[in-house]
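So the structure is just underneath, and the comments pick up after that.
As the structure lists them, so they are numbered: ligands from 1, and atoms in each ligand from 1. In this chain, numbering begins with 1 at the start of the sequence shown.
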Amino acid sequence: MESRLKLVRNIGIAAHIDAGKTTTTERILYYTHRTHKIGEVHKGEATMDSMPQEKERGITIQSAATTTFWEYQANRYQINIIDTPGHVDFTAEVERSLRVLDGTVAVFCANSGVEPQSETVWRQANKYKVPRICFVNKMDRIGADFFNVVEEVKTKLMANPVPVQIPIGKEDHFKGVVDLIANKAIIWNEGDKGMTYSYESIPEDLIEVAQKYREQLIEAAAAEDESLLEKFLEAPDTIQEQELIDALRKATISLSITPMLCGSAFKNKGVQTLLNAVCTFLPSPLDLPPTTGLNPDTQKEITYPTDKEAPFSGLVFKLVTDPFVGRLAFIRVYTGQLNSGTSIYNARTQKKERISRLLQIHSNKQNPINTIQAGDICAIVGFKNVKTGDTLCNENNKILLESISFAEPVISYVIEPKKQTDLDKLTLSIAKLVEEDPTLRIATNEETGQTILSGMGELHVEVAIDRLKREFNVEVNQGAPQVAYKEKLTGSVEHKEVYKKQTGGRGKFADIVFTIGPIVSGEEEEGKTQKGLVFNNQIKGGNIPKEFIPAIQKGFENAMKHGPLSGFPVEAMQVDLMDGSYHKVDSDNLSFELCAQVAFKVAAKKAAPVILEPIMAVEVVTPDEYTGAITGDLNRQRGIMKNMGIKNQVQVIEADVPLSELFGYITRLRTLSSGRATATITFAYHAPVPSHLAEKIIANNQTP
Ligand code: GDP
């Protein structure tokens with residue numbers, strides 16, 4: 001088992017649009033597929049030619065995970081490629097994939113280098129501590145400059161790039177690479193689509209440069225390993241290749257270095273060596289810490305080792321509706337094993353479901369498998385009630401893994417079908433979209449009965465509406481966009497509420513004393529804020545009997561859905577229940593629940609409530625001549641400038657701007673820049689609305 005797991009790599013391929021992610025992935029599938037078939041009768045040049053169809057059919061390939069195998073140094077590695085979207089607008093997608101992969105290949109274009117928007121994805125990968133290697137693609141392009149990209153990875157991404165290869169030739173003359181670890185040149189054979197390559201001695205004119213970079217590489221490795229450091233200082237010639245590899249691997253996995261490789265996917269050069277590097281440097285599931293989660297019954301933390309003998313735990317990270325097999329739930333298995341035809345427990349629904357089939361998705365086929373084990377990724381067919389982020393486990397050894405955190409939607413639209421007869425179809429199709437993408441939400445306005453579609457931004461919702469039309473054949477009318485505001489209590493107050501009703505017969509009685517305010521945070525992990533109601537029962541001596549306490553909590557939980565200022569939800573608050581009293585006959589659960597609800601209405605008003613609005617991080621990339629117009633416009637929209645600077649000959653402007661000021665921004669930007677500037681808009685954080693605007697919002701009593 002251990003030896004098999006050692007050979008598993010769960011990787012993502014991340015790139016800025018146009019850097020060559022698709023081409024590199026296709027070449028990877030091409031070479032791995034062919035290698036897999038070595039020894040079989042060769043059936044002509046079919047593989048490469050069938051790629052377009054694979055792409056067409058491969059909705060599942062593009063959207064979730066593909067498994068492939070690669071032979072390297074007499075081992076057969078299993079590489080699961082998890083799709084990572086290139087577009088940062090869909091940050092939830094990026095976060096989701098970063099949760100389940102163990103390492104990433106970052107693809108850059110040798111000419112355009114580190115594009116501004118790559119920085120966002122790089123930072124996210126830092127947050128999730130994902131080890132990376134970089135592939136500098138398009139070495140055949142005019143202006144290709146490997147060392148410039150290395151420099152940019154250092155200065156723009158603040159990483160510690162270490163070339164493990166350097167290019168031989170560039171542009172039209174790009175032929176191969178110097179492998180700095182083996183100290184040899186690798187030259188690809190153009191005649192056979194780069195299927196074969198030969199090891200040669202390093203070209204004369206590169207010996208000196210290669211020597212310089214090899215020394216850098218040894219130094220980087222030595223920094224990680226004391227015995228290597230000694231050797232490096234005293235007898236550098238005695239350093240063995242394997243020692244070097246081991247130290248570099250360790251340094252990559254601990255995020256101290258980022259190995260840099262190069263090639264040209266399009267010209268079939270450098271892909272096999274990239275695959276070798278994936279196997280050499282990126283972690284196997286065994287290199288990662290054991291899996292921890294909570295026991296859902298006791299809330300105690302539990303840890304399972306990455307082992308097939310451990311109790312089963314797996315995370316559903318994507319749902320995809322495949323036109324051929326129906327709904328597929330993609331899971332990452334962390335511990336234990338699961339067999340097809342058996343049942344598994346869903347920690348959210350608290351129900352067992354039967355697994356009708358397990359599928360491994362390959363580039364051109366879906367391969368049924370009988371069993372899946374720790375460290376692996378596969379798709380489950382046959383699940384009925386499942387959501388992205390669900391933990392699957394063993395009913396007798398329950399565990400709840402940290403779910404994938406999805407941001408709450410920030411923008412809403414009222415939608416209706418163009419043809420009234422499409423109403424049912426609309427409901428069904430939206431349900432499918434929402435299932436695939438948890439950052440889309442659908443709701444019905446209780447007062448008007450209107451359908452409200454919410455998402456993470458204008459573009460996000462537009463894409464969804466476009467999918468309704470193209471994939472489900474439902475056309476909709478959409479209303480004006482509305483900001484999803486929230487409310488927050490910023491001060492703490494103490495309050496006593498007595499709820500009393502005497503209407504003949506048995507009455508109602510409840511009395512509670514409590515403080516209410518923002519959550520007083522304990523130790524929080526960076527970037528994570530607590531949500532919901534933090535409820536502390538501090539009552540001693542039974543002034544309110546225990547049995548009524550949950551009703552009080554429930555009362556507050558329900559009440560906070562409608563904040564004191566304008567009815568927007570209060571996302572987080574803390575209530576410390578201090579004291580109270582009850583009546584032997586008249587008190588019951590309902591009395592206390594209603595008492596809490598009434599109390600909230602009065603007390604929350606006194607707890608310095610504010611309205612919060614979503615603030616978006618706007619990044620505009622524009623030719624310099626439009627900078628003035630664009631920044632002027634952003635300033636008028638209550639934007640706060642964060643950063644400006646020329647990168648790759650274009651001006652990059654970063655600003656935080658309230659979402660309410662950004663409706664139609666892309667169109668406005670087009671006008672301002674004669675269509676030459678582009679913008680990415682992602683949700684950043686919530687901030688209090690300035691008071692004069694808050695008054696307007698309250699006056700309009702605009703509900704989201
Ligand atoms: P993606 O947007 O990152 O998936 O990029 P694609 O793989 O679709 O590539 C974008 C464009 O660059 C396409 O026209 C590719 O043919 C081209 N391309 C990809 N790799 C290379 C390369 O190594 N050299 C050159 N010259 N072009 C490439």
Side-chain angles (χ1 to χ4, degrees), residues 11-32 48-56 58-66 68 81-90 93-94 97 104-122 125 132-146 148-150 152-153 165-177 186-190 192-195 197 260-275 277 363 463 621 648 678 680:
I11 62 159
I13 300 178
H16 186 265
I17 284 164
D18 250 17
K21 182 172 109 172
T22 312
T23 313
T24 306
T25 311
E26 279 177 357
R27 293 301 192 269
I28 286 177
L29 296 178
Y30 174 64
Y31 291 119
T32 52
M48 194 77 126
D49 303 338
S50 72
M51 272 177 189
Q53 286 108 288
E54 283 181 18
K55 231 165 127 182
E56 289 266 286
I59 164 162
T60 50
I61 298 173
Q62 291 303 314
S63 57
T66 311
T68 193
I81 305 173
I82 295 138
D83 187 61
T84 26
H87 212 285
V88 288
D89 269 13
F90 303 101
E93 291 279 320
V94 182
S97 54
T104 293
V105 176
V107 180
F108 295 103
C109 168
N111 178 295
S112 38
V114 177
E115 300 272 0
Q117 281 146 12
S118 311
E119 293 170 30
T120 315
V121 180
W122 192 272
R132 269 147 279 175
I133 59 177
C134 294
F135 181 62
V136 179
N137 186 35
K138 300 201 188 182
M139 279 307 301
D140 61 302
R141 259 191 72 181
I142 293 179
D145 187 343
F146 173 70
N148 180 48
V149 184
V150 174
E152 290 192 349
V153 168
Q165 302 175 340
I166 57 169
I168 300 177
K170 63 177 178 179
E171 303 176 353
D172 274 354
H173 303 292
F174 176 67
K175 287 198 297 200
V177 299
I186 297 173
I187 307 291
W188 272 271
N189 203 333
E190 304 227 348
D192 61 2
K193 289 190 173 151
M195 275 307 288
Y197 51 87
M260 302 288 300
L261 298 98
C262 62
S264 162
F266 186 66
K267 293 284 171 73
N268 308 304
K269 295 185 179 100
V271 178
Q272 298 102 325
T273 39
L274 171 63
L275 280 160
S363 64
V463 169
V621 179
N648 302 334
T678 55
T680 3

Taking distance alone, with no angle check, do [X] and ligand 1 share an N/O pair under 3.5 Å?
X: Asp140; value: yes
X: Gly20; value: yes
X: Gly263; value: no
X: Thr24; value: no

Does any part of the side chain of [Y], heavy atoms only, come nearer than 4.5 Å to the side chain of [X], both counted from C-beta?
X: Trp122; Y: Arg132; result: yes
X: Val153; Y: Phe108; result: yes
X: Phe135; Y: Lys21; result: no
X: Arg27; Y: Tyr31; result: yes

- Query: Is atom 13 (C) of ligand 1 less than 4.0 angstrom from some protein heavy atom?
  - Reply: no
- Message: Under 4.0 Å and counting heavy atoms only, is there anything from the protein next to atom 3 (O) of ligand 1?
- Response: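 Yes.
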Protein contact of [atom] - nearest heavy atom, named by residue and atom, plus distance:
atom: atom 22 (C) of ligand 1; value: Phe266 CB, 3.1 Å
atom: atom 18 (N) of ligand 1; value: Lys138 CE, 3.6 Å
atom: atom 6 (P) of ligand 1; value: Thr23 OG1, 3.6 Å
atom: atom 20 (N) of ligand 1; value: Asn137 ND2, 3.1 Å

To the nearest 0.5 Å, what is the distance between [atom1] on [X] and [atom2] on [Y]?
X: Ile168; Y: Ile187; atom1: CD1; atom2: CD1; value: 4.0 Å
X: Ser264; Y: Lys170; atom1: OG; atom2: NZ; value: 14.5 Å
X: Leu274; Y: Asn137; atom1: CG; atom2: CG; value: 9.5 Å
X: Ile13; Y: Ile81; atom1: CD1; atom2: CD1; value: 4.5 Å
X: Met139; Y: Asp145; atom1: CE; atom2: CG; value: 7.5 Å

- Salt-bridge contact Lys267-Glu190 (side-chain N to carboxylate O under 4.0 Å): no
Looking at [X], which atoms of ligand 1 are within less than 4.0 Å of one of its heavy atoms?
X: Ala265; answer: 23 (O)
X: Asp18; answer: 1 (P), 2 (O), 3 (O), 5 (O), 10 (C)
X: Ser264; answer: 22 (C), 23 (O), 24 (N)
X: Arg141; answer: 26 (N)
X: Lys21; answer: 1 (P), 3 (O), 4 (O), 5 (O), 7 (O)

- If you measure from each heavy atom of His16 to ligand 1, is any distance below 4.0 Å? yes
